[in-house]
Amino acid sequence: MSENEHSGGISRRALVKSTAIGSLALAAGGLSLPFGLRPAAAALQQSLQPAADKVVWGACSVNCGSRCALRLHVRDDEVYWVETDNTGDDIYGNHQVRACLRGRSIRRRINHPDRLNYPMKRVGKRGEGKFVRISWDEALDSLAASLKGTVEKYGNEAVYINYSSGIVGGNITRSSPYASLVARLMNCYGGFLSHYGTYSTAQIACAMPYTYGSNDGNSTSDIENSKLVVMFGNNPAETRMSGGGITYFLEQARDRSNARMIVIDPRYTDTAAGREDEWIPIRPGTDAALVAGIAWVLIEENLVDQPFLDKYCVGYDQTTLPEGAPANGHYKAYIQGHGDDATAKTPEWASRVTGIPVDRIIKLAREIGTAKPAYICQGWGPQRQANGELTSRAIAMLPILTGNVGINGGNSGARESTYTITIERMPLPDNPVKTQISCFSWTDAIARGPEMTAIRDGVRGKDKLDVPIKFIWNYAGNTIINQHSDINKTHDILQDESQCEMIVVIDNFMTSSAKYADLLLPDLMTVEQEDIIPNDYAGNMGYLIFLQPVTAPKFERKPIYWIMSELAKRLGPDVHQQFTEGRTQAEWLQYLYAKMVAKDPQLPTYEALKEMGIFKRKDPNGHFVAYKKFRDDPDAHPLKTPSGKIEIYSSRLADIAHKWQLEKDETISPLPVYASTFEGWDAPDRSQFPLQLFGFHYKARTHSSYGNVDVLQAACRQEVWLNPVDAAARGIKNGEMVRVFNARGELRIAAKVTPRIMPGVSAMGQGAWHTADMTGDRVDHGACINTLTTHRPSPLAKGNPQHTNLVQIEKA
Ligand SMILES: Nc1nc2c(c(=O)[nH]1)N[C@H]1C(S)=C(S)[C@@H](COP(=O)(O)OP(=O)(O)OC[C@H]3O[C@@H](n4cnc5c(=O)[nH]c(N)nc54)[C@H](O)[C@@H]3O)O[C@H]1N2
Ligand SMILES: Nc1nc2c(c(=O)[nH]1)N[C@H]1C(S)=C(S)[C@@H](COP(=O)(O)OP(=O)(O)OC[C@H]3O[C@@H](n4cnc5c(=O)[nH]c(N)nc54)[C@H](O)[C@@H]3O)O[C@H]1N2
Ligand code: SF4
Ligand SMILES: [Mo]
């Protein structure tokens, strides 16, 4: 989830000189008890626990948007007890980076029976999970031969590195397909077909820059300066769970400001629960209509910040409409009903679309128009819809109309940014292959690659793709199957071994994606290696964690650096030399850290950091304020948009809308309008599949990671949320097993009948492990939502609209 995972400048992380805050680490060796534990309790705890042989600093490095320190107690080369950060205290600003339920269960992952122990090659059909053990030599020789063969026959453009996010943050252990060791190796060997966008933020990262030139938000800590917090589809209580993460900042900052908090979400989320002043349920995919209804009230009641709009923006009304735009093409005309659709976006109109009562829309508009400053933000749920590009830009209209951009206590309408200590990554040679596809369209690139064009399929760097994907690298990702859409269709595409000829999976576990591997290679986990990892989203407290290998490598698991170096050897001495530059993994780490210290001399020395385990530092600027320089002096600090201003009307989007080939139910617009979409609430297929369905990011797992840990499964069950009205109409009781299905597939799951979700909408945690007999009925008993999602991409970003689905639910 670091900047590379979310390209497009989601999280702005300035490297700033500053001083260390109280982060005196307890000694890494010897018995260390939780800081502040009272003596009696400490004595009791000590009497219950055998003396530790050693305590090793580790980190949980999954892609959950947080990052937690772990202190792993080890005896006889096995972890027997897991604790978390004990540096700092409970005081806001010097708090502990405490792990959530997942990180604390890492011992069960390390020793899980699903773990891969040996290199293997597939002997059954793809997906069957039949493998035989082979030696590392055989694995690496056949991998090298296959890669060479693919490059000779089809060229480097036929080699694809699939999106993956299993390990985030490390210098060395780092799954990001943009910058992993796999990418480094491929760039030393002629390059590879790369992708743009991420499954996380495809739509918003593509769309926001048309408005702002980038996609930045104020740090959550800045809420201490706000009067009102409005969250659209943002659920940090589940999606930023670390003790060092956003929820803590949200709570603490709100404590200081007493800001009212309004949560706009189809679900009454854990973030809302007990914390919100108001929950406004909204029909999925309709936030842009709510914004338009609010804008109508703001304009009617003279609550817009006209001087701000005149000075900083383009296209609000006639006066700043850019050249070439139609006379009725401005935002005000769209809202007032003078645009092409001749529809006034009254609260009554918005109410019909969103399902929110008229008076509530008016009241919300007045609150947003008068509370100054207001922190208006969005999570990434609204943008993971099929019209998500429009939605993300539309939500940004509220802070723009009310002049809340670029000030303390305000926000841009984007998700929060964070402070971080910038870390030096493994350098990446240039990729000689310039062609890119969207990260979501790789299955299309296998099945119909050469048909894919720039103006219909979003191919970049070329007018069209010349070769289909023939070789896939999948390192620390489960997006071959579990996390990509339409599993049944993906399965069919991958069955044909003459299409994609080779799939290499490097993982720790026998995941559903691993079952589709031709070669399956067992990696060490991050906690089993030495590495340095920075914080992810952590408000205004940055930190570094220095991990030491918690145990010796077991079985024939190998670190990724070794795997890639050995492969490089087999691809030729030049490739090997360029890949390793003659350094071992340990030497690389020291070399990279030395570069960090050279740029940021106030960092501790390598040895001191190793001793500390965790080093924390607060943002010396206090809070990050997005677009502050622009607000202070727009001439000296123009935005990165073509006009240098906030582009409410984007001429570039007008041009794209004009040139690209789109279907009738796909909309690209220069203005952040509301548009219906395929499989939305008003789509024709709703007569057959009457319920909207989306998958939220669930506390039980990080996507599929930790999904196989029994205690977590028991603590947070996999259920489909259903409103009592919809349940009663189907004769479904709470806890009963149901079938959830549409034309793409079917899954079985228990029903959670609850008023916490609005009628007509259903939801389940995404990331559960797909479990189906793919040669039989294909019914998924693991309840992985991607049994039901579509391969059809969103119109502009060509991203994953995985939250836009229509289904039927019946008693099983
Ligand atoms: N329907 C639906 N689908 C979604 C989403 C959704 O909201 N709805 N969300 C999307 C989003 S935002 C994302 S980011 C993607 C995430 O999709 P993925 O990036 O595939 O994330 P995970 O499922 O966590 O899979 C990570 C894999 O890395 C492996 N791994 C972990 N640590 C290591 C390691 O040290 N070494 C190696 N070699 N492997 C390791 C894990 O075992 C696991 O198989 O899913 C997307 N899919
Ligand atoms: N525990 C846990 N934490 C995680 C992850 C995880 O898998 N598990 N994944 C991490 C990753 S990689 C990412 S990208 C982030 C994802 O972070 P997000 O994308 O923000 O998470 P989601 O749960 O998909 O969506 C956030 C909220 O949006 C709501 N929502 C869905 N559709 C709409 C809509 O149309 N309008 C509105 N207003 N609300 C809507 C959902 O109910 C949900 O509460 O989370 C990160 N954190
Ligand atoms: S899953 Fe995230 S919040 Fe939980 S321990 Fe791991 S890094 Fe921390
Ligand atoms: Mo993500």
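Every number for a ligand or one of its atoms is a count from 1 in the order of the listing.
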Part of Ser164 with heavy atoms under 4.0 Å of ligand 1, whether side chain, backbone, both or neither: backbone
Pair Ser221-Ser219, side-chain donor/acceptor within less than 3.5 Å: yes
Geometric cation-pi criterion Arg240 and Trp380, 6.0 Å radius, 45° cone: yes
Atom 2 (Fe) of ligand 3 neighbourhood, protein N/O/S only, threshold under 2.8 Å: Cys64 SG
Within 45° cone of Phe678 ring axis and under 6.0 Å: Arg792 NZ or CZ: yes
Contact (N/O only, under 3.5 Å) between Thr511 and ligand 1: no
Distance (rounded to the nearest 0.5 Å) between Arg108 CZ and Asp710 CG: 5.5 Å
Heavy-atom gap His112 to ligand 1 smaller than 4.0 Å: no
Carboxylate-amine/guanidinium proximity below 4.0 Å for Glu389 and Arg384: no
Nitrogen or oxygen of Asn800 less than 3.5 angstrom from that of ligand 1: no
Sub-4.0 Å heavy-atom contact, Asn482 with ligand 1: no
Any donor-acceptor N or O pair under 3.5 Å, side chains Ser704, Asn478: yes
Lys121 atom NZ: more than 12 heavy-atom contacts under 6.0 Å: no
side-chain hydrogen bond (donor to acceptor under 3.5 Å, both in side chains), paired with Ser61, selected from Thr526, Asp531, Asp536: Thr526
Donor-acceptor side-chain pairing of Thr789 and Asp486 below 3.5 angstrom: no
Ligand 1 to Ile785 polar contact by distance, N or O atoms, under 3.5 Å: no
Close N or O approach (Tyr475, ligand 1; < 3.5 Å): no
Proximal ligand 1 atoms for Ser165, defined as those under 4.0 Å from one of its heavy atoms: 14 (S), 16 (C), 18 (P), 19 (O), 21 (O)
Side chain, backbone, both or neither: Ile167 near ligand 1, heavy atoms under 4.0 Å: side chain
Stacked cation flag Arg701 on Tyr706, 6.0 angstrom / 45 deg: no
Exercise: do Gln529 and Gln585 side chains pair donor with acceptor under 3.5 Å: yes
Heavy-atom proximity to atom 45 (O) of ligand 1, best of Met764, Glu528, Gln483: Gln483
Ser200 N/O under 3.5 Å from ligand 1 N/O: no
Phe696 near ligand 1 by a heavy-atom separation under 4.0 Å: no
Side-chain donor-acceptor pair present, Thr391, Asp287, cut-off under 3.5 Å: no
Side chains of Gln692 and Ser762, donor plus acceptor under 3.5 Å: no
Sub-4.0 Å heavy-atom contact, His484 with ligand 1: no
Option of least heavy-atom distance to atom 22 (P) of ligand 1 (set: Ser513, Pro559, Ser704): Ser704
Polar atom proximity, Asn63 to ligand 1 (N or O, under 3.5 Å): no
Under 3.5 Å: N/O of Asn786 near N/O of ligand 1: yes
Thr789-ligand 1 polar pair, N/O distance under 3.5 Å: no
Min heavy-atom dist Gly767 to ligand 1 below 4.0 Å: no
Per-residue contact class, Tyr199 against ligand 1 - non-hydrogen pairs under 4.0 Å: both
Location of contacts on Asp523 toward ligand 1, heavy atoms closer than 4.0 Å: side chain
Short side-chain donor-acceptor distance under 3.5 Å, Lys616 and Thr87: yes
Aromatic centroids of Tyr561 and Phe579 separated by under 6.0 Å: yes
Part of Arg109 within contact of ligand 1 (heavy atoms, under 4.0 Å): side chain
Ligand 1 contact by Ile560, heavy-atom criterion under 4.0 angstrom: no
All ring pair (Phe, Tyr, Trp, His ring centres under 6.0 Å) counterparts of His697, not counting sequence neighbours: His703
